[in-house]
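Input: a single structure, listed below in C-alpha cells.
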Amino acid sequence: MPPFLYLFLGALAIVSALGVVAQRNPIHSLLSLISTLLIIAIFFIAEDAVVVGFLQIIVYAGAIMVLFLFVIWLLNLQAEIGPTGHVVLKVFGSLGAAALATELFLFLGAPHLEVKIFHQPAGYGSLASLANTLFTDYLVSFEVTSVLLLAAVVGSVALARRIPNETGEGSSDPRAAGVIRDAAVATAATSQRVQG
C-alpha cells in the first residue's frame, strides 16, 4: 500500500471513530462505526491478511452491525437533545481521556521501542488454518458468543415489545397512550349518539 494512501485511510479511520462517540443520533453513530470497521478491513487486506479482512467485513460490518441496527430500531432510540450527564461524569471522562492520551504518548515515545519482523509459516492466516483453530481450540468460546448474541436479541425484543393495555400504558411508544385514549373516547361518543 502506498504511504499516502495508508495515511489517508488512517486519518479517515480516526475521524470515523471519533464520529462514533461525537454523534447524537444513534443511527449516525452506527454508520460511523461501520465505516471504521470497513477501513480496518481494508488495512487487513492490504497487509495480505485477506481472510481476516473479509471476515471483518462479513461478520462485524455485516452481521453484528445489522444486529445493532435492528436493536436500535426496536428500542426506538432517539437523538439526545440538550446536555446529558452530570458535571462529575464529564470531569472523570476528561481525566480518563487525558490519562489514556498520556499513556499512549509515553508508550510511542519510548526510546527502546523496536519493531521486529517475523516471517510467518506457509499457510498462516489461510481459511483452512483459521477454521482448524476456530473449531478445535476455540469451539466453546465461539458457541458461547453465539448464545450471548442470541440472548441479547431476545432481550432487546422483549424490552421493545411491551403490549399496551386499553389505556395505552405499557407501550414503548409514548404517543400510543394518547392515540388509544382518543380512540376510546371517540368510540364511546359514537355509541352514545347511536343509542341516543
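Residues take their numbers from the sequence shown, with the count starting at 1.
With values rounded to the nearest 0.5 angstrom, F44 atom CZ is found 13.5 Å from F54 atom CZ. To the nearest 0.5 Å, atoms CD1 (I57) and CD1 (I42) are separated by 7.0 Å. Rounded to the nearest 0.5 Å, atoms CG (L100) and CZ (F105) are 10.0 Å apart.
Shortest non-hydrogen contact noted between A41 and G53 is CB-O, 3.4 Å. Here the closest non-hydrogen pair linking I39 and L9 is CG2-O, 3.5 Å. Closest heavy-atom contact between S16 and S32: OG-O, 2.7 Å. Of all the heavy atoms in L38 and A61, the pair that sits closest is CD2-CB, 3.9 Å.
Note on L18: it does not cluster hydrophobically with V20, by side-chain heavy-atom contacts below 4.5 Å among ILVMFWY residues. Both L5 and L12 are assigned to one and the same hydrophobic cluster, defined by single-linkage of ILVMFWY side chains at heavy-atom distances under 4.5 Å. Using a 4.5 Å cut-off between side-chain heavy atoms of Ile, Leu, Val, Met, Phe, Trp and Tyr, with links allowed through other members, Y6 and V15 fall into different hydrophobic clusters. Cluster annotation: I27 is connected to Y60 through the hydrophobic network of ILVMFWY side chains, with a link wherever side-chain heavy atoms come within less than 4.5 Å. Follow the hydrophobic side-chain contacts under 4.5 Å out from V59 and you never reach F142; the two are in separate clusters.
Remark: F43 CZ is packed, more than 12 non-hydrogen atoms of other residues, nucleotides or ligands lying under 6.0 Å away.
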